[in-house]
Amino acid sequence: MRNPLIIMIITFFPIIFLSFTHKNKTIQTSKAADVNYIIPNDIQEIINNSCYGCHNNDSKSIKSKMKLNFDKLSTMKIGKRVGKLNKIHDVIEENEMPPKKFLKKYPDKSLSDEDGEKLASWAINMASQYINE
Amino acid sequence: MIKNLSILLFICLIILQFFGPSLPEVSNINPNDLIDNNPEIPEDIKTTLQVSCYDCHSNETKYPWYSSIAPVSFLVVRDINHARDELNFSNWEDMSKLDKASALDDISDVIIDNEMPMAIYTAMHRGTSLSNNQKESLVLWAEEFSDHMFD
């Protein structure tokens, strides 16, 4: 009865030990490349309703597509991605997007204060995760 | 008649001199300057930035003699204030990493789009317009320099 218990402890101890050291290691060497770029569903919905129409691969406006393309954001290099995410936050805080002219025509695409706040905080939080200091 | 008009115009211009806005201040010692604080920036990039951008986007503006003469002075003052507001390399290290990343992204955008340096400036200042090689290196550098902040 005692032997299996000892064997179990002996085999599990290193595994448990290793898993702890492994965790510590990933925390210490956390790299920008390890950050998981995810868009939660509620955020995706806000983007689809108020932004995606102008900022996607097939957008007719070259200018808006070049400044921000949600289809490219996930494959962009880190520096560029962080720069774009930070700008998403900024344009919402400054009420620059969606463009006012566009909203006059399509008032249903406007961003409610609550949705704007959600999108802006997602963008700035996502961007901040890449900073490791 | 034409003579009278031109005299009137001349008098107006003289009067305008006294109402011209003063040129934005120049300072050559800037502890937070991009180039001074980042010796790893390649020489060719430093030169490009200093030659083609620093007159407007830094505190180290070198004014040509005619820039203090109205009505040119009005344009110069407006552009330089506006340019420094948008991006001032003399204050680089004051910015957060996120704002630096956005600024570097703006830099590659305006270069790819041929928006900068402003056309009126390159027309007046010999040697400040960018060759295709310079544009390419500047865009690549901006991306790398930005990535490097998040290594």
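- Of the charged side-chain nitrogens involved, at least one lies within less than 4.0 Å of a carboxylate oxygen, so that B:D109 and A:K84 count as a salt-bridged pair.
- Looking at B:S96, there are no atoms closer than 4.5 Å to chain A (heavy atoms on both sides), in backbone or side chain.
- Nearest approach of B:F150 to A:Y130, heavy atoms of both residues: CD2-O, 3.5 Å.
- Taking each heavy atom of B:A101 and A:G79 in turn, the nearest pair found is CB-O, 3.8 Å.
- Other residues, nucleotides and ligands contribute more than 12 heavy atoms inside 6.0 Å of the CD atom of A:E93.
- Within a 6.0 Å sphere centred on CG of B:L5, heavy atoms belonging to other residues, nucleotides or ligands number more than 12.
- Remark: A:E96 CD is packed, more than 12 non-hydrogen atoms of other residues, nucleotides or ligands lying under 6.0 Å away.
- Annotation: salt bridge (Lys or Arg N to Asp or Glu O under 4.0 Å) contacts of A:K87 (sequence neighbours excluded): B:D105, B:D106.
- Shortest non-hydrogen contact noted between A:I78 and B:D147 is N-OD1, 3.3 Å.
- Other residues, nucleotides and ligands place no more than 12 heavy atoms under 6.0 Å from the CD1 atom of B:I120.
- At least one side-chain heavy atom of B:L98 sits under 4.5 Å from a side-chain heavy atom of A:S128.
- Linking Ile, Leu, Val, Met, Phe, Trp and Tyr whenever their side-chain heavy atoms come within less than 4.5 Å leaves B:V110 and A:M66 in two separate clusters.
- Interface remark: of the candidates B:S146, B:A103, B:S102, B:S102 forms the most heavy-atom pairs closer than 4.5 Å to chain A.
- Other residues, nucleotides and ligands place no more than 12 heavy atoms under 6.0 Å from the CZ atom of B:F10.
- A salt bridge does not link A:K67 with B:E115: none of the charged nitrogens is closer than 4.0 Å to a carboxylate oxygen.
- Side-chain contact, B:S108 with A:K80: a donor N or O sits under 3.5 Å from an acceptor N or O.
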